Amino acid sequence: MKNYDKFFKGEELEAYKLFGAHKYGSGVEFILWAPHAYKVEVISSFDDWAKGHPMDKVDFRGIWYLYIDNLEFIYSYRYRIYKDEFTYHDKIDPYALYSELRPETASCMYDLNYYKFDDYYYMNDRRLNYDEPINIYEVHLNGFKKSENGLYSYRQAKEELLPYVLENGFTHIELMPLFEHPFDGSWGYQATGFFSATSRYGTPYDLMDFINACHQKGIGVILDVVYAHFVKDDFGLINFDFEPLYEYPEKHLMKSEWDSYYFDLNSGPVISFLMSSANFFLKEYHIDGLRFDAISHFIYHQGNKDKGENVEGQAFIKRTNFMLKQIHPSAMLIAEDSSDYPNVTKPVPYGGLGFDYKWDLGWMNDTLKYYKMDHEYRKYHHNMLTFSMAYFYSERFLLPLSHDEVVHSKGTIIDKMFGTYEEKFHLCRNLYVYMFTHPGKKLNFMGNEIAMFREFDEKKEMDWFMLKYPLHDSFARFFRDMCLIYKNHEAFYKYDYDYRYFKWIDADNNAQSIYSYIRYDDKMCYVVVLNMMPIAYESYVIGVPYSGSYTEIMNSEKDIYSGCNMCNFEPVKAVKKPKHNLDYSMKIRIAPFAAIIFEAKRKKPRKTNKSTKKD
């Protein structure tokens, strides 16, 4: 008899081994938690759904069991749950490891043990990457490319998406939710199967093989997970045994703003269910990180600060993160959190929520609002691009330009830029130099890298045809070059969370709307200059920290990027003339809307030899 005590206490991380359909001897065992059920039966495709196979109640807390001998592990099944002798409904298995392709809804028997990963060296060397580059490509598989039957596949992702990510200098792929879900248009955010990787794109083995291939090439895979709520479709978790089981029993707590149902985080079994789902994908699929959706709803009731702190939600997050870290210390836990709640990335034992990274949605909102603005008014809102550094070191932030910013008539990143069609490209290149040189890890949604003007639509693939047009083709080249500069220069990632390695040169030049700052590593310094106005300067004087030559390694206005080619073609010599509270200065050329990166070697302070006389 299995021990279910930890499950009921909300301490179980492997509930998927306690429940569900499993091979056992020459047959299959079915185990279900349904405490309010009058009786339960298993119905299955192995006898054409014609007969109900009664389960036995083996635990007074509501655990039902059935063993069917001489049964192959290849069939679909459901649970028929009775309210009384005559009233029943059919439900999926909450712990199913695979599901039928929508619009069918039955659970499927599936044995994950046949697939063998060969990524030992990658997993053994995996780290949290605080001092390593993280450049995430966020993907909705069915919106990346289309196949003949209209659905992309994990196998195609291995052959097409993985090489594309490698070529463009990304370090990680973030997959939008893969939990089984009934409606394509939910993008996976309203799920039914929290252990079942969606069958839309193939089998669990196909997904495992894709992740394994990514690891062979050094690419990490992050999974977007949704543990705040679940979809209300009647074949799923809602009213599971004719009573609220996975949702809150209180009506004022159960319904979410997404027309779905909040998980009951007062329930030990529900907590075990959710924690086990997180552990399942980290352990069985070798996922490298989890991006937790809607963390503000765990912090505050319904995500609303005015409704008070969600004590149960915070306790759930702390428990989950703490326990996951015990067994997956190198897996990244990332919070999508729109609140200003403190210590999100502080370890749980020190009073934090225990995440490794937090999305900097404040940076995202301020940045996009600024770049949308008519440049004539930018001088009045200069602090919108400097404010992020006032709070940046309070958390380990990740800078996101995600799918949320390119849907629901918000406009894509390129389309948000102010100005004419051509000016949008100038500004968008400027934006990405700013993003990749700003402290913090990076995330971009697919399509950002080719300057797509059409908003994301899961029914269509990316507008690959746009690469036939010079402005888009040159933008894609620019974006790839920025990714490679970021990835290959330690100053832009190694000391992201150490304030000593970032310094403003001039944060206050609102009259000209020019920003300048320095990123350091142990040997080099990089001077970044951003011109937010359509004005050129032939001899702009800027303070620098060291003598010697400064070489331009990126100019967003190079002709190869469809710029005006007003660049600093030769190394610029710094002179001993103080400027911006720095000992040296140099004169540079700045094109309209240019974003420039200069590279120079750091110089150690000269030692002064003072002789002393002995009395």
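Bear in mind the structure is a predicted one, so any value in this text is a computation, not a measurement.
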>> Taking S256's backbone N and O only, do any of them form a donor-acceptor pair with S260's side chain (distance below 3.5 Å, no angle check)?
In response: no
> Cut-off 3.5 Å, side chains only: do E395 and T345 have a donor facing an acceptor?
Replying inline: yes
> Which pairs count as ring pair (Phe, Tyr, Trp, His ring centres under 6.0 Å) when at least one residue sits in residues 550-587, sequence neighbours excluded?
Replying inline: F478-Y561
> Are F292 and F355 close enough that their ring centres sit under 6.0 Å apart?
Replying inline: yes
> Are the side chain of Y300 and the backbone N or O of S339 linked by a donor-acceptor pair below 3.5 Å?
Replying inline: no
> Is there a donor-acceptor pair closer than 3.5 Å between any side-chain N or O of S556 and the backbone N or O of N430?
Replying inline: no
> So, F425 versus H472, ring centres under 6.0 angstrom or not?
Replying inline: yes
> Would you say the side chains of R602 and Y546 form a donor-acceptor pair under 3.5 Å?
Replying inline: yes
> Which is it for N142 and R200 under the side chain to side chain contact (heavy atoms under 4.5 Å, CB included) test, yes or no, and what are the steps along the way?
Replying inline: CA-CA 9 Å; N142 211 40; R200 283 169 176 78; over 6 Å; no
> Is the W359 to Y357 ring centre distance short of 6.0 Å?
Replying inline: no
>> If you count every heavy atom of other residues, nucleotides or ligands that lies below 6.0 Å from F387 atom CZ, does the total exceed 12?
In response: no
> Testing K325, K346, R291, R127 for salt bridge (charged side-chain N to carboxylate O under 4.0 Å, His left out) with D356, which one passes?
Replying inline: K325
>> When you measure from the side chain of W464 to the backbone of F144, do you find a donor-acceptor pair of N or O atoms at a distance under 3.5 Å?
In response: yes
> Yes or no on ring pair (Phe, Tyr, Trp, His ring centres under 6.0 Å) for Y421 and F453, after CA distance, side-chain angles and deciding distance?
Replying inline: CA-CA 10 Å; Y421 182 79; F453 275 91; 5.3 Å; yes
>> Measuring from atom CE of M532 to atom CG of L431, what distance do you get when rounded to the nearest 0.5 angstrom?
In response: 8.0 Å
> What do you reckon, are the aromatic ring centroids of W258 and F183 less than 6.0 Å apart?
Replying inline: no
> Which heavy atom of A331 sits nearest a heavy atom of L128, and at what distance?
Replying inline: O-CD2, 3.4 Å
> Do the charged groups of D521 and K523 touch, with an N to O distance under 4.0 Å?
Replying inline: no
> Taking the side chain from E132 and the backbone from N129, do they hold a donor-acceptor pair closer than 3.5 Å?
Replying inline: no
> Considering only heavy atoms from C-beta outward, does the side chain of I173 approach that of F210 to under 4.5 Å?
Replying inline: yes
> What distance do Y137 atom OH and F445 atom CZ have between them, rounded to the nearest 0.5 Å?
Replying inline: 8.5 Å
> Within 45° of the ring axis of Y520 and under 6.0 Å from its six-membered ring centre, is that where the NZ or CZ of R500 lies?
Replying inline: no
> From I295 CD1 over to D337 CG, what is the distance, rounded to the nearest 0.5 angstrom?
Replying inline: 7.0 Å
>> Less than 4.5 Å apart, side chain to side chain, heavy atoms only: is that true for Y154 and T198?
In response: yes
> Hey, does E557 have a side-chain heavy atom less than 4.5 Å from the side chain of H426?
Replying inline: yes
> Within the side chain of K442, is there an N or O that forms a donor-acceptor pair under 3.5 Å with the backbone of G440?
Replying inline: yes
> Would you say the ring centroid of H375 lies under 6.0 angstrom from that of F418?
Replying inline: yes
> Got a donor-acceptor contact below 3.5 angstrom from the S585 side chain to the V541 backbone?
Replying inline: no
>> Ring centroids only, cut at 6.0 angstrom: are Y227 and F179 within range, meaning strictly under it?
In response: yes
>> Does any part of the side chain of Y371, heavy atoms only, come nearer than 4.5 Å to the side chain of K416, both counted from C-beta?
In response: no
> What is the distance from atom CG of N135 to atom NE2 of H172, rounded to the nearest 0.5 Å?
Replying inline: 10.0 Å
>> Tell me if a side-chain donor or acceptor on D463 pairs with a main-chain N or O of F465 at a distance below 3.5 Å.
In response: no
> Stepwise, does the side-chain hydrogen bond (donor to acceptor under 3.5 Å, both in side chains) test hold for Y391 with D360?
Replying inline: CA-CA 10 Å; Y391 65 80; D360 193 346; 2.8 Å; yes
> Does the side chain of K487 pick up a donor-acceptor pair with the side chain of T171 at under 3.5 Å?
Replying inline: no
> Which value, rounded to the nearest 0.5 Å, describes the distance between L151 atom CG and K146 atom NZ?
Replying inline: 6.5 Å
> Per the ring-ring contact (aromatic ring centres under 6.0 Å, His included) rule, which among Y526, F436, F170 passes with Y486?
Replying inline: F436
> Is there side-chain contact between L353 and I299, with at least one heavy-atom pair below 4.5 Å?
Replying inline: yes
>> Could you walk me through whether D473 and K468 satisfy the side chain to side chain contact (heavy atoms under 4.5 Å, CB included) test, starting with their C-alpha distance in whole Å, then the side-chain angles of each, then the deciding distance to 0.1 Å, before giving a yes or no?
In response: CA-CA 7 Å; D473 182 62; K468 296 178 182 178; over 6 Å; no
>> Set out, in order, the CA-CA distance, both residues' side-chain angles and the distance that settles side-chain hydrogen bond (donor to acceptor under 3.5 Å, both in side chains) for D522 and Y495, then state yes or no.
In response: CA-CA 9 Å; D522 296 316; Y495 297 108; 2.7 Å; yes
> Taking the side chain from N565 and the backbone from D559, do they hold a donor-acceptor pair closer than 3.5 Å?
Replying inline: yes
> Checking salt bridge (Lys or Arg N to Asp or Glu O under 4.0 Å) for the pair K305/D340: CA distance, chi angles, key distance, verdict?
Replying inline: CA-CA 10 Å; K305 193 174 185 177; D340 59 358; 3.3 Å; yes
> Quick one: does N444's side chain get under 4.5 Å of F479's, heavy atoms only?
Replying inline: yes
> Should H403 and M176 count as side-chain neighbours, where that means a heavy-atom distance under 4.5 Å?
Replying inline: yes
> Hey, does the side chain of K145 reach the backbone of Y152 with a donor-acceptor pair shorter than 3.5 angstrom?
Replying inline: no
> Can the ring centroids of Y122 and H286 be said to lie less than 6.0 angstrom from one another?
Replying inline: no
> Say you draw a straight line from CD1 of I588 to CD1 of I542; how long is it, rounded to the nearest 0.5 Å?
Replying inline: 5.0 Å
> D496: what forms a salt bridge (charged side-chain N to carboxylate O under 4.0 Å, His left out) with it, not counting sequence neighbours?
Replying inline: K441, R519
>> Tell me the closest heavy-atom pair linking V221 and I287, and the distance in Å.
In response: O-CG2, 3.6 Å
> D224 and Y189: side-chain hydrogen bond (donor to acceptor under 3.5 Å, both in side chains), yes or no, with the steps?
Replying inline: CA-CA 9 Å; D224 198 342; Y189 289 97; 2.5 Å; yes
> Should H382 and Y515 count as side-chain neighbours, where that means a heavy-atom distance under 4.5 Å?
Replying inline: yes
